[in-house]
Amino acid sequence: MLYEMLTGQVPFDGESTQEIIMRHLTMEPDLSRLPVVYRDVVRRALKKDPQQRFADVPEMQAALIGA
């Protein structure tokens, strides 16, 4: 959601639902569209492994404030 709010685009797009799902599962998002200050936060929020993402909203907020 943050990626889309900052760029006006979704992080993964495709011709079909299946193509979009495969991109979610296999590709890294293009973060070059984001302001540099937000890239690390969005990168972590979009990690494939849930254990590598933020544990909760306050943790993500803290990262954003520190960005």
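These numbers were taken from a predicted model, which means no experiment stands behind them.
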Salt bridge (Lys or Arg N to Asp or Glu O under 4.0 Å): which pairs involve residues 46-63, sequence neighbours left out? Arg44-Glu59
Tell me which donor-acceptor pairs under 3.5 Å the side chains of residues 8-16 have, and how far apart each pair is, sequence neighbours excluded?
residue: Gln9; atom: OE1; partner: Arg33; partner atom: NE; Å: 3.3
residue: Gln9; atom: OE1; partner: Arg33; partner atom: NH1; Å: 2.6
residue: Ser16; atom: OG; partner: Glu19; partner atom: N; Å: 3.1

Let me confirm one number: the [atom1]-[atom2] distance from [X] to [Y], rounded to the nearest 0.5 Å.
X: Arg23; Y: Leu25; atom1: CZ; atom2: CG; value: 12.5 Å
X: Leu2; Y: Thr7; atom1: CG; atom2: OG1; value: 9.0 Å
X: Glu28; Y: Asp30; atom1: CD; atom2: CG; value: 11.0 Å

Where do Ala63 and Phe54 come nearest, in terms of heavy atoms and distance? CB-CE2, 3.6 Å
Honestly curious: do Tyr3 and Leu64 fall in one hydrophobic cluster under the side-chain, below-4.5 Å linking rule?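 Shared cluster, yes.
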Any link between Val37 and Leu6 through a network of hydrophobic side chains (Ile, Leu, Val, Met, Phe, Trp, Tyr) touching at under 4.5 Å? yes
Can you name the side-chain hydrogen bond (donor to acceptor under 3.5 Å, both in side chains) partners of Thr17, sequence neighbours left out?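 Here no residue qualifies.
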Output the rest of the hydrophobic cluster of Met5: all Ile, Leu, Val, Met, Phe, Trp and Tyr residues reachable through side-chain heavy-atom contacts under 4.5 Å, sorted by chain and number. Met1
If hydrophobic residues (ILVMFWY) are linked whenever their side-chain heavy atoms come closer than 4.5 Å, directly or via other members, who joins Val57 in its cluster? none
Is the shortest side-chain heavy-atom distance between Leu31 and Tyr38 below 4.5 Å? no
